[in-house]
Amino acid sequence: MDKAINKVKTSFHSELESCKTSENLEQLRIKYLGRKGQLTDLFNQFGALSNKEKPKYGKTLNILKSDLTASYNNKLATFNSDQGSDDKRDFSLPGYALPKGNIHPLEHVTDEIKSIFQSIGFSVAYGPEIDDDYHNFEALNVPKHHPARDMQDTFFIDSDVVLRTHTSNVQIHLMENQDPPLRHICCGRVFRNEAVSYKSFCLFHQVEGLVINESSSFAEMKGTLEYFAKEMFGKDTKMRFRPSYFPFTEPSAEVDIWNDKLNQWMEILGCGMVNPNVLENVGYDSEKYQGFAFGMGIERIAMIKYGIRDIRLFYQNDKRFLEQF
Amino acid sequence: MKVSLPWLKRFVNFKQSASELADLLTMLGFESEVVTDFSVLKNIVVGEVESAKKHPNADKLKFCIVNDGKMTHEVVCGAPNVATGQKIVFAKVGAVLPGNFKIGKAKIRGIESNGMICSERELGISEEHDGIMVLNPGLKNGTNVADILGPMYDAIDIDITPDKAFALSHRGIARELAAKLNKKLKSPLNAKRVIPDSKEKVKVVLDKKGGCPRYVAGIVNNVKVGPSPQWLTDYLKSVGQKSINNLVDISNFMLLEIGHPTHIFDLDKLSEPTIEVKWAKKGEKFAALDEESYILDSDHLVITDSVNTVALAGIIGGKDSAVSDTTTNVLIESAYFDPIVVRKGSKKLNLLSEASRRFERGADPDATLDAFYMIVRLMEEVAGGELGSIVTDQCTFDLKPRKITLSHRKLSKYTGFNIPNKKVEHILSGLQIDCQTRGESVIPMNVVEILSNSNKLESMRIRTEFRPFMRNIVDHLQVIGEITRKNASSYRRDIRFGSKETLSELAKVLKKNHSDSLPKEFIPKIAGKKTNKSVDTQKWICTIPSFRGDLVNEADLIEEILRCYGYDNIVPSYSFSSQMQYAEDEERPLSHLKKYLSSIGFQQCYNNSLEERDSIAKFGVESLSVMNPSSDRMNVLRTSLHQGLLKTLDFNYKNGTQDILIYEQGTVFEKKGDTLDDIEQKNAFSCLVHGDFAEPNVHFSPIEGNFFLLKGLAENIFNNLLKIKIKFIKESHSYCGTFYNIVDSQKNLVGSLGIINEEFLKEMDILHRTDVCIMDINTENFKECFNYNIKTEDIVLYPIVNRDLNFIMDNSIELAQVCPTIKNVNQSLLKEVVPVDVFESKELKDEKSVLFKLYFQNPKKTLEDNEVNSIIAEIIDIVLKKFNAKLRDQ
């Protein structure tokens with residue numbers, strides 16, 4: 001029985017191969033798949049088999065049948081398409097030359113970050129790029145003549161008005177206008193008076209987060225940011241929190257993710273529990289309320305994500321660069 | 001700050017290599033990088049220069065034979081000081097020096113060199129690169145250099161954040177290390193109070209207005225200026241500092257040893273042994289140690305000898321009172337200056353020093369006396385001097401230590417994780433923060449103890465208030481991976497029903513795991529009672545040491561505890577405590593607009609907000625200047641997005657792309673007055689098109705990216721995306737010849753579009769080959785009108801009847817007038833009038849032929865031919881009369 005099955009199979013396929021016309025193919029169909037064809041013969045032989053053998057060959061025969069039918073149909077389809085069409089147009093011509101538009105890479109990354117945080121209930125807030133010293137520094141626990149001011153080189157409009165050095169000014173505006181609970185991210189453009197080079201520009205973009213209520217803890221901050229990092233960089237992302245210093249948070253941390261290619265930790269964001277002084281500055285009861293804040297540079301993340309080595313490419317708007325996104 | 005391992009070992013014993021130390025400190029909040037770690041340098045040994053001859057093909061090179069103890073190597077060396085017989089650091093072929101500098105065979109001027117003789121810089125020890133490093137002649141050839149130089153020069157570089165003034169010294173870092181490693185902090189240099197023979201005393205007068213709350217001064221006589229002893233030179237060298245002379249070295253050493261800045265005056269150069277700390281006179285000139293002359297202001301605090309200014313308090317000493325080779329008697333200053341005064345002073349002169357860095361961050365007011373006596377001790381030992389005066393200590397500073405209350409409840413609530421009381425106390429004492437227990441009114445239960453005791457387990461099984469506790473343990477064990485999820489869930493079920501087996505099983509698991517991170521204690525919460533005095537948690541009254549001026553509130557202490565406990569040991573919580581809320585984003589509509597534009601072929605740009613004043617001035621809006629621009633090309637803020645978009649066009653044109661379809665969203669600024677409120681900060685949105693929208697190809701000729709592209713886009717955006725009806729109204733514009741405002745049915749300005757003048761483009765020097773067209777969209781209006789509540793209308797099922805009409809009319813007639821006229825003939829049945837072809841030719845002279853397509857439909861029934869015909873007749877009649885047109889012959 002095995003032999004008979006194999007023989008039908010091999011001879012069918014070799015004959016199918018040599019079929020050149022639809023007449024040939026039709027003859028082949030009658031020979032094998034027809035009502036009196038070889039396949040029917042095999043099924044007839046099957047009927048004579050013992051009950052013990054039946055299950056095994058039943059399966060084999062069914063497979064053979066579907067194999068032969070499918071192969072025949074495929075071949076038939078190629079004949080039809082070759083011959084059925086008398087359309088003489090050249091379909092190998094290129095398609096219409098449509099313009100190729102793109103979203104800026106920084107927008108892509110911002111959107112992605114936004115949607116990750118929106119998915120866990122963060123609203124998005126915006127605020128002014130030019131602000132007073134109070135909202136950019138003092139309310140954030142960075143008094144005048146504090147060494148922490150050296151951490152951010154500032155552009156001044158006048159002695160009291162600055163180009164914001166971070167989006168944290170939005171946090172202050174938010175808290176001034178709203179009572180807890182808060183669960184927001186703020187995003188936008190910030191400015192630093194730094195020499196322009198491949199790794200720094202006079203401006204960049206940030207996304208910051210702020211969560212204030214009666215119970216959000218350091219552990220929750222870790223959970224939130226781990227969720228973010230895994231959504232953003234993949235679920236196997238290895239990360240670490242290490243102690244750092246920001247005037248507006250206490251305790252403060254910086255978060256690194258492990259870069260396998262470079263074999264080193266890469267800093268992606270800063271975070272911490274909102275400093276009680278900041279809460280008091282906006283009139284929140286720091287005994288009752290607590291929460292955390294975090295912030296990250298979008299350029300930095302985009303550079304890691306897309307392997308961009310020169311930050312200036314983002315603002316040059318070279319079509320050859322933009323077209324890649 | 002460069003910190004050397006041998007120096008740290010003066011204070012604390014540890015085995016860690018430089019790399020391990022850097023990791024450890026980084027995770028403690030001191031971001032560190034390895035400078036030199038000899039333990040990782042391989043194939044670098046002590047070698048002996050057996051011969052050093054001139055290189056046959058180069059004057060400045062030498063050809064050396066180096067013995068590494070096993071064999072000799074031929075090496076070409078460029079150092080001028082290489083000589084026969086020297087013991088040197090020899091990097092063999094295959095060695096890797098700091099900075100991933102690989103040593104291989106190399107042909108230098110025709111001679112093969114097998115290895116390298118190293119300089120200090122190549123080894124990362126110092127910046128010394130004038131010659132090779134010469135070692136002690138007693139060393140054995142072939143000795144691993146790591147064993148000799150490692151203990152002397154292994155070093156790390158620490159980036160110390162501005163809040164951590166206490167760590168700006170080897171002692172400061174060692175203190176952290178000792179706490180982390182559970183080691184004792186040693187005091188290598190004692191500050192024994194010496195009793196002087198002399199009755200002399202330095203007079204110290206402090207200004208009443210403050211600035212200097214403490215000043216310690218005294219005299220050391222008969223010092224001999226000379227070279228420093230080897231140990232002192234070695235320590236300085238281990239952090240890359242050169243030895244100058246014993247007096248200067250002592251001062252530098254002390255700064256790096258304990259972090260308290262001191263200053264040494266040459267007593268004989270002072271007019272009197274008197275110190276007056278006071279405010280400078282405005283305009284006063286001061287010649288400093290760094291050979292510069294500074295002009296001071298009235299808020300600069302200075303040190304005078306009652307006649308002359310001898311130092312700028314806490315920043316830099318004076319040139320005229322500095323110690324020199326001939327100094328024999330000195331006056332030592334060990335003071336504490338106000339951080340703000342020092343910072344303002346140093347900022348104003350743009351003069352930063354090691355001393356000012358420490359004072360502005362907050363030095364230790366209680367270290368002044370110790371630092372003084374340490375200097376005296378060192379002077380006795382190193383320069384042979386002796387204390388020559390009674391020590392003056394003028395102090396107005398309240399030295400009573402600060403006390404902060406820390407509660408365990410706050411710590412747990414803040415952290416979201418339980419750190420056992422014992423651990424908290426251990427951490428605090430390691431940081432030299434004394435903590436006294438207070439308000440302890442409940443004995444926390446020891447978890448392991450409860451679980452080992454079956455009676456207690458039995459009682460806990462019965463009492464419902466312990467269930468959360470048990471569940472906590474299960475959660476914890478699951479988080480740390482001790483039990484599987486399945487097990488955890490069956491444990492939880494059993495806890496709910498109070499199964500004894502579960503508890504004893506859990507006890508087993510717990511016993512197996514004695515990890516520190518386990519919640520060792522449990523403070524029971526009694527259900528139903530919110531505040532129960534007997535459930536109050538531990539409180540500590542913490543006494544803050546004087547060197548920790550940065551610790552002022554409970555949160556600061558919590559940071560210390562978490563930092564030392566290890567951020568990574570705190571188990572993250574994924575149960576977000578916040579309420580459900582609608583995640584708003586007011587800019588979401590704009591993101592639809594961006595996606596729409598990008599999908600039809602536009603590229604989004606991000607241009608600089610900072611622009612050049614002269615070029616912005618040409619756009620006619622008053623711009624806002626930056627007070628301290630980094631360059632003249634970026635000294636004002638952009639007043640519109642057109643500026644950046646035009647630059648983008650020019651840039652890409654220069655780089656070979658002439659077809660430009662771009663847009664940008666961003667803030668633009670207008671100065672309308674002098675205060676912050678007078679600065680208009682507007683969220684703008686602009687598009688620019690130039691060249692072709694679609695390139696020529698086998699299928700069709702190019703489609704121009706011109707005014708009509710933008711007009712069509714506007715119609716699409718407003719009619720289709722926003723569902724608002726718009727009109728284009730011609731306006732004049734300062735740099736657009738053709739310019740239209742886009743208004744809605746209430747005449748609100750919702751956008752504008754136009755063609756930029758040729759002359760303007762020339763003036764701005766923007767490369768182009770076709771019209772440059774721009775369109776602005778009012779973002780406020782867009783966000784307002786963008787709504788998702790589209791109201792649908794019923795579809796009219798009766799057929800539409802199509803008719804064409806071809807008129808010939810004067811060229812000057814605008815079709816925007818003709819179409820409404822036609823439509824007005826029958827508003828209800830005439831659905832739409834569209835001009836589909838405009839034809840001009842020589843034969844037509846000043847006239848044009850326009851083909852209109854008319855769409856008729858009756859919403860209630862099928863239209864009859866004769867109905868349409870009568871309307872057509874009416875239209876022809878009106879158009880012929882009103883526009884003096886002719887019907888074109890068919």
Side-chain angles (χ1 to χ4, degrees), chain A residues 93 96-104 106-107 114 118 120-124 126 128-130 132 145 147-148 155-158 161 181 183 189 193 202-203 211 213 215-220 222-224 226 240-245 250-251 253 273 275-276 290 314-319 322, chain B residues 26-27 29 161-163 340 343-344 360-361 414-417 553 555-556 558-559 562-563 567-568 570-574 576-579 581 583-585 594 598-606 608-610 624 626-628 630 634 648 652 657 661 667 676 679 681 693-695 697-699:
Chain A
L93 285 177
Y96 282 3
L98 300 172
K100 297 173 251 331
N102 305 82
I103 294 280
H104 195 278
L106 293 176
E107 188 92 5
K114 271 190 196 173
Q118 283 181 315
I120 47 173
F122 282 77
S123 283
V124 188
Y126 302 87
E129 290 177 21
I130 295 179
D132 53 14
H145 309 298
F155 283 117
F156 289 91
I157 298 298
D158 63 43
V161 176
R183 194 171 173 82
R189 182 169 282 200
N193 194 348
C202 54
L203 58 87
V211 175
N213 53 46
S215 65
S216 279
S217 64
F218 192 89
E220 187 182 319
K222 278 189 78 174
T224 306
E226 267 192 33
R240 69 174 188 187
F241 285 72
R242 63 187 157 75
S244 186
Y245 167 72
E250 187 88 22
M273 297 295 289
N275 194 309
Q290 64 181 46
F314 290 123
Y315 323 104
Q316 215 164 38
N317 301 309
D318 190 325
K319 199 174 172 188
L322 296 176
Chain B
T26 297
M27 295 312 281
T161 51
D163 59 322
I340 292 179
R343 175 158 173 96
K344 271 164 110 173
E360 70 170 31
R361 284 162 163 73
Y414 223 65
T415 314
F417 185 78
N553 58 34
D556 296 332
I558 292 173
E559 171 167 88
L562 296 196
R563 178 171 75 82
Y567 283 3
D568 280 345
I570 291 158
V571 180
S573 152
Y574 292 101
F576 301 138
S577 58
S578 215
Q579 74 295 345
Q581 69 165 31
E584 287 175 293
D585 180 2
K594 290 178 212 170
S598 290
S599 73
I600 59 167
F602 278 73
Q603 246 128 13
Q604 185 187 11
C605 297
Y606 271 51
N608 198 343
S609 304
L610 293 165
L624 194 66
V626 175
M627 210 167 78
N628 55 334
S630 55
M634 300 194 289
T648 303
N652 281 296
T657 316
L661 308 165
T667 313
L676 177 59
I679 299 169
Q681 307 187 45
F693 168 66
E695 296 164 12
N697 60 75
V698 289
H699 306 291

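Chain naming here is simple, since letters A, B, ... match the order of the sequence lines and numbering starts at 1 in each. All figures in this text were calculated on a predicted structure; none of them were measured in a lab.
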Q: Would you give the length of the straight line joining atom CZ of B:Arg563 to atom OG of A:Ser244, rounded to the nearest 0.5 angstrom?
A: 11.5 Å
Q.
Rounded at 0.5 Å granularity, tell me how far CG in B:Leu676 sits from CG in A:Asp158.
A. 8.5 Å
Q: Heavy atoms only, distances under 4.5 angstrom: which of A:Leu98, A:Val161, A:Thr224 has the most pairs with chain B? Name it, please.
A: A:Thr224
Q) So, the side chain of A:Glu220 versus the backbone of B:Gly416: is there a donor-acceptor pair under 3.5 Å, distance only? A) no
Q: For A:Gln316, look at atom CD and say whether over 12 heavy atoms of other residues, nucleotides or ligands are found less than 6.0 Å away.
A: yes
Q: Tell me, for A:Ile157 versus chain B, whether the close heavy atoms (under 4.5 Å) come from the side chain, the backbone, both or neither.
A: both
Q. Looking only at heavy atoms, which two atoms of B:Tyr414 and A:Pro251 are closest? And how far apart?
A. CE2-CD, 3.8 Å
Q.
Within the 4.5 Å heavy-atom criterion, are A:Ser217 and B:Phe417 side-chain neighbours or not?
A. no
Q.
Please rank B:Met627, B:Arg343, B:Lys594 by heavy-atom pairs under 4.5 Å with chain A and give me the top one.
A. B:Arg343
Q. Nearest heavy-atom pair of A:Pro99 and B:Ile600: which atoms, and what distance?
A. CG-O, 3.4 Å
Q.
Nearest 0.5 angstrom please: B:Leu610 CG to A:Asn193 CG, how far?
A. 9.0 Å
Q | Top of B:Thr657, B:Asn608, B:Ile679 for chain A proximity - count of heavy-atom pairs under 4.5 angstrom | A | B:Asn608
**Q.** chain A contacts, top residue of B:Asp556, B:Ile558, B:Leu661 (heavy-atom pairs, under 4.5 Å)
**A.** B:Asp556
Q) Is there a donor-acceptor contact under 3.5 Å from the side chain of B:Gln604 to the main chain of A:His104? A) yes
(Q) Which heavy atom of B:Gln603 sits nearest to which heavy atom of A:Leu322, and what is that distance? (A) CG-CB, 3.8 Å
(Q) Counting heavy-atom pairs closer than 4.5 Å to chain B, which one of A:Ile130, A:Asp318, A:Asp132 comes out on top? (A) A:Ile130
Q.
Rounded to the nearest 0.5 Å, what separates atom OG in B:Ser609 from atom CZ in A:Arg189?
A. 3.5 Å
Q.
Can you tell me which portion of B:Phe693 sits under 4.5 Å from chain A's heavy atoms? Options are side chain, backbone, both or neither.
A. both
**Q.** Region of B:Asn652 in contact with chain A, defined by heavy-atom distances below 4.5 Å
**A.** side chain
Q.
Let's test your reading of the structure: which of B:Leu624, B:Ile340, B:Asp568 forms the most heavy-atom pairs below 4.5 Å with chain A?
A. B:Asp568
Q. Non-hydrogen atoms of chain B under 4.5 Å away: do they reach the side chain of A:Lys319, the backbone, both or neither?
A. both
Q. Where on A:Phe314 is there a heavy atom nearer than 4.5 Å to chain B: the side chain, the backbone, both, or neither?
A. backbone
Q: Apply side chain to side chain contact (heavy atoms under 4.5 Å, CB included) to the pair A:Leu203 and B:Met634, showing each step before the final yes or no.
A: CA-CA 11 Å; A:Leu203 58 87; B:Met634 300 194 289; over 6 Å; no
Q: Determine, step by step, whether A:Tyr315 and B:Thr648 satisfy the side chain to side chain contact (heavy atoms under 4.5 Å, CB included) criterion, reporting the C-alpha distance in whole Å, the side-chain angles of both residues, the deciding distance to 0.1 Å, and the verdict.
A: CA-CA 9 Å; A:Tyr315 323 104; B:Thr648 303; over 6 Å; no
**Q.** When A:Asn275, A:Asn317, A:Leu106, A:Val124 are compared by non-hydrogen pairs under 4.5 Å with chain B, the top option
**A.** A:Asn317
Q) How far apart are the closest heavy atoms of A:Glu129 and B:Thr667, and which atoms are they? A) OE2-OG1, 2.5 Å
Q. What is the minimum heavy-atom distance between B:Asn697 and A:Ala97, and which atoms define it?
A. ND2-CB, 3.4 Å
Q) Tell me, side chain or backbone of B:Val698 under 4.5 Å from chain A's heavy atoms, or both, or neither? A) side chain
Q | Nearest-0.5 Å distance, CD1 of residue B:Ile570 to CZ of residue A:Phe241 | A | 10.0 Å
Q. Would A:Phe155 and B:Asn628 count as a side chain to side chain contact (heavy atoms under 4.5 Å, CB included) if you check the C-alpha gap in whole Å, the side-chain angles of each, and the deciding distance to 0.1 Å?
A. CA-CA 6 Å; A:Phe155 283 117; B:Asn628 55 334; 4.2 Å; yes
Q. Is any side-chain heavy atom of A:Phe122 less than 4.5 Å from a side-chain heavy atom of B:Asp585?
A. no
Q. At their closest point, which heavy atom of B:Tyr567 faces which heavy atom of A:Pro243, and how far apart are they?
A. CE2-CA, 3.3 Å
Q. Hey, is OH on A:Tyr96 packed in by over 12 heavy atoms from elsewhere, all under 6.0 Å?
A. no
(Q) Nearest 0.5 angstrom please: B:Asn553 CG to A:Glu250 CD, how far? (A) 6.5 Å
Q. Going by heavy atoms in the side chains, are B:Leu562 and A:Met273 under 4.5 Å from each other?
A. no
